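Here is the naming used below: chain letters follow the sequence lines, and residue numbers restart at 1 for every chain. Just so you know, these numbers come straight off a predicted model, no measurement behind them. What you see below is based on every heavy atom in this structure, not just the backbone, and it leaves out hydrogens, waters and symmetry mates.
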Number of protein chains: 2
Amino acid sequence: MDYDSSVPIYLQVMDAIKKQLILGKIRPGEQLPSTRTLALDYDVNTNTAARIYKELELQGICFTKRGLGTFVTESTEKISEIKDEMANKVIDTFIQEMSGLGYNYPDMVKIIKEKETK
Amino acid sequence: MDYDSSVPIYLQVMDAIKKQLILGKIRPGEQLPSTRTLALDYDVNTNTAARIYKELELQGICFTKRGLGTFVTESTEKISEIKDEMANKVIDTFIQEMSGLGYNYPDMVKIIKEKETK
DNA sequence: GATAGTGGCATAGGTATATAGTACACTAAA
DNA sequence: TTTAGTGTACTATATACCTATGCCACTATC
């Protein structure tokens with residue numbers, strides 16, 4: 001995985017995991033890799049891996065059983081909630097940025113449709 | 001100005017200045033505020049203000065006359081170049097993020113049109 | 001009980017960002 | 001020449017992030 005040096009790594013990995021959850025590549029209730037394995041998978045330090053799970057737990061996305069491992073929430077509602085939340089953030093950012101650059105809604109729609117055909 | 005703590009301040013101010021340029025609020029060739037004034041305006045340190053102009057100069061957006069001040073480039077082509085560059089970055093990021101969340105082009109268009117009516 | 005695998009914690013060091021404060025060099029105008 | 005305003009440079013400090021390393025506590029299994 002390539003990292004954008006202007007964004008903390010732990011946030012980028014968190015987003016990557018959340019996307020896997022949203023796309024169904026990780027199922028509800030499923031056990032996540034151990035912190036040490038995650039560290040290897042994403043080429044980060046074990047402390048960073050631990051932080052990733054800790055923050056995801058704060059967001060209600062996973063839970064931890066000490067001595068056993070870390071597991072994804074079983075709540076499908078929570079997962080679709082996360083999806084809406086992430087999508088809204090992306091959309092709002094896009095609209096705000098484009099407005100700031102002088103584009104209006106029809107401009108945005110037009111641009112996206114043009115991109116589609118390419 | 002409110003700052004997003006997850007993005008370096010100097011980048012956020014640079015973007016703000018570039019937007020003013022794109023929207024015509026700053027004219028080609030116009031003198032920019034002094035580093036000390038910029039620091040006051042944006043509530044940052046003088047060193048950070050100096051860095052902002054230094055980085056903008058690296059991007060060809062402004063130039064400095066020592067002892068006189070910092071001035072915006074007179075090239076209108078450069079300015080429209082910057083606009084295209086910024087817009088393309090925003091658009092590509094949007095499309096990539098939304099695709100990663102499982103949305104396709106028609107979805108995106110639909111969402112934006114919905115936002116417009118609100 | 002011993003072992004392996006899990007999360008959790010503590011210490012230390014490095015880098016980037018931002019701040020505070022000070023000082024210096026250049027330019028134009030009084 | 002003096003002054004005010006400009007950019008530039010330097011040191012020091014603080015914080016966040018990331019890494020490296022080691023150790024401890026819990027759980028399941030042998």
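Within a 6.0 Å radius of CG in B:Asp43, other residues, nucleotides and ligands contribute 12 heavy atoms or fewer.
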### Message
One pair to check against side-chain contact (heavy atoms from CB on, under 4.5 Å): A:Met14 and A:Ile61. What are the steps and the verdict?
### Response
CA-CA 10 Å; A:Met14 281 174 65; A:Ile61 294 170; over 6 Å; no
#### Entry: Audit row: B:Lys89, B:Glu85, salt bridge (charged side-chain N to carboxylate O under 4.0 Å, His left out) steps and yes/no
CA-CA 6 Å; B:Lys89 191 179 166 190; B:Glu85 202 173 274; over 6 Å; no
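Under 3.5 Å, the side chain of A:Arg36 and the base of C:dG5 form no donor-acceptor pair of N or O atoms.
Contact check of residues 40-50 of chain A against DNA chain C (heavy atom, cut-off under 4.0 Å) returns A:Asn47. Taking a 4.0 Å limit (strictly below) on heavy-atom distances, residues 53-74 of chain B reaches DNA chain C at B:Arg66, B:Gly67, B:Leu68.
Computed from coordinates, the B:Gln31 CD to D:dG5 C1' distance equals 10 Å when rounded to whole Å. Atom pair B:Leu32:CG and D:dG5:P shows a separation of 19 Å (rounding to whole Å applied).
A donor-acceptor contact shorter than 3.5 Å is absent between the side chain of A:Glu30 and the backbone of A:Phe71. A:Asp15 places no side-chain N or O within donor-acceptor distance of the main-chain N or O of A:Gln12, the cut-off being under 3.5 Å. With hydrogens and angles ignored, the 3.5 Å screen pairs a side-chain donor or acceptor of B:Thr73 with a backbone N or O of B:Ser75.
Taking the ring centre of B:Tyr103 as origin, the terminal cationic atom of A:Lys83 falls inside the region bounded by 6.0 Å and 45° from the ring axis.
Nearest nucleotide to the A:Ser34 side chain, out of C:dT17, D:dC17, C:dT6: C:dT6.
Using a 4.5 Å heavy-atom cutoff, the side chains of B:Leu21 and B:Arg27 are not in contact.
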